[in-house]
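First the proteins, then the strands, lettered A, B, ... as listed; each starts at 1. The model shown is predicted, which means the values in this text are computed figures rather than measured ones.
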Protein chains: 2
Amino acid sequence: MDNNEELNAEQRIIDAAADVFEENGFDGARMQQIADKAGINKALLHYYFRSKDLLFEKVFLIVAERIFAGFIKAFEEKGTIFQKIELFVTKHQELLYKNRRFPIFFFNEISRNPMLMKKLVAKLEFNNRFKNLFIQLEEEKKAGIIRQDVDVRHLMINIVSLSVFPYIGRPVIKEIMSDFGFSYEQFLEERKSVVANFVINSIKA
Amino acid sequence: MDNNEELNAEQRIIDAAADVFEENGFDGARMQQIADKAGINKALLHYYFRSKDLLFEKVFLIVAERIFAGFIKAFEEKGTIFQKIELFVTKHQELLYKNRRFPIFFFNEISRNPMLMKKLVAKLEFNNRFKNLFIQLEEEKKAGIIRQDVDVRHLMINIVSLSVFPYIGRPVIKEIMSDFGFSYEQFLEERKSVVANFVINSIKA
DNA sequence: TCTACATTTGACCAATTGGTTAAACCAATA
DNA sequence: TATTGGTTTAACCAATTGGTCAAATGTAGA
């Protein structure tokens, strides 16, 4: 259960804290549990990070930054808009599958303390990350490849919604799928192609 | 702040608890805060509901049942599949707008304790609520109105994803929208028509 | 080896929290 | 009016929790 003994204490604390916070949320997490998982004394947590709040903020930003970086990278692939969407959705699914507990944790904590989002944005600088995508979409609109009424903002949120929601609503979808005689895992697998097709069908002229 | 003094203590407790739990989550909620909001002594909470766990479960199921009932009702409207989708999306948006804090609360608590979902399903009996929709979709497929490759399960999840996610990701979307020079409220308003069109475009033959 | 400094620990603390209890209150009824 | 039963309260409790502190341990350089 304890992390690699080779790493220094500070890194072991961060790893352990990420795990415990992601599993239990800020309010549900216990400093003692983090200390145990890191294999150190509880006082050492405060030696390195002063308080639960500061430890949480540091860990939250580290984890969120890592995952968002992966998310954003998938935006920067080359190709037609349809190819981009396909690649983008596939990459997101893989990333999400490897970090299944992250979405509900992230959105819950952000909702509890929206200031975290400001701090995350400051670290990510994704202000003009979407500029290229925006330009490309306008071009493909003019070329008659995609519908005139497509709105970049809504399109982006739509893609993310379709990718992320199944992980947020995992227990709900699990229940519904079993009603239909399917497994949740199978549903996720199918979704890799379904979502891309769904989006493409909805925007192509 | 305190609820209607006319109501009996039990109901006042339920209302107050719903509010406090929805705002802070189970772990973040305090029995004292619930008692204060209900205008009663803390001991009375235990007199009526024994423990925090039992109070939470009762309140959670009451609130979730009420909202899911509204959700499901929107499924049972008459009309073509396109009309249904339009009506369905619009009704959901209104319901969600009135219960903005519910989605993130609901999915977080369900994620923390999936057994709640089982109990909710048992109360709702929505096993065969979707049968009609399923049949209608197959018919419209045969009639060549919608695409052959449409899958009811994915379509349903897609619709819900597109409707619900903007409420779960509120602070995130708020941030992104302000980058684009738009307000979150405006974005939600636009979405009423955008989502329906998006879905319809993606499934029509 | 001695010293200075960072690291780590066990023991401890004050505050908070969910929960209990015995007594008080109050309305109905005999 | 006296009694009974449900309702409500103040006071209290044990356990947990985030956090502190002085002492111990390790370690690199003089």
B:Phe26 and B:Glu109 have their tightest heavy-atom pair at N-OE2, 2.9 Å

In whole Å, I'd like the distance from the [atom1] atom of [X] to the [atom2] atom of [N].
X       : N      : atom1 : atom2 : result
B:Leu55 : C:dT17 : CG    : P     : 16 Å
A:Asn8  : D:dG26 : CG    : P     : 18 Å
B:Gln11 : D:dT7  : CD    : P     : 15 Å
A:Leu54 : D:dG19 : CG    : C1'   : 13 Å
B:Met31 : C:dG18 : CE    : P     : 7 Å
A:Asp27 : D:dT16 : CG    : C1'   : 15 Å
A:Asn41 : D:dA24 : CG    : P     : 15 Å
B:Gln32 : D:dA10 : CD    : C1'   : 12 Å

Ordered by number, residues from residues 43-53 of chain B within less than 4.0 Å of DNA chain D (heavy atoms) are B:Ala43, B:Leu44, B:Tyr47, B:Tyr48

Contacts of B:Lys42 and A:Lys42 projected onto DNA chain D by closest heavy atom; the upstream (5') one is B:Lys42

Check whether [X] reaches the backbone of [Y] with its side chain - one donor and one acceptor, N or O, closer than 3.5 Å.
X        : Y        : answer
B:Lys204 : B:Phe82  : no
A:Gln93  : A:Ser193 : no
B:Asn201 : B:Asn197 : yes

Interatomic distance, NE2@A:His92 vs CG@A:Leu95, rounded to 0.5 Å, equals 7.0 Å

query = Is it true that the NZ or CZ of B:Arg100 lies under 6.0 Å from the centre of B:Tyr97's six-membered ring and within 45 degrees of the ring axis?
reply = yes

- Message: Taking any heavy-atom pair under 4.0 Å as a contact, classify B:Ala35: base, sugar-phosphate, or nothing.
- Response: nothing

Flag if over 12 foreign heavy atoms under 6.0 Å of NZ, B:Lys91
no

With the side chain defined as heavy atoms from C-beta on, A:Ile40 is closest, among C:dT9, D:dT8, C:dT17, to C:dT9

Requested in this report: Using a cut-off of strictly less than 4.0 Å, decide whether A:Arg30 has a side-chain nitrogen or oxygen near OP1 or OP2 of D:dG18.
Outcome: yes

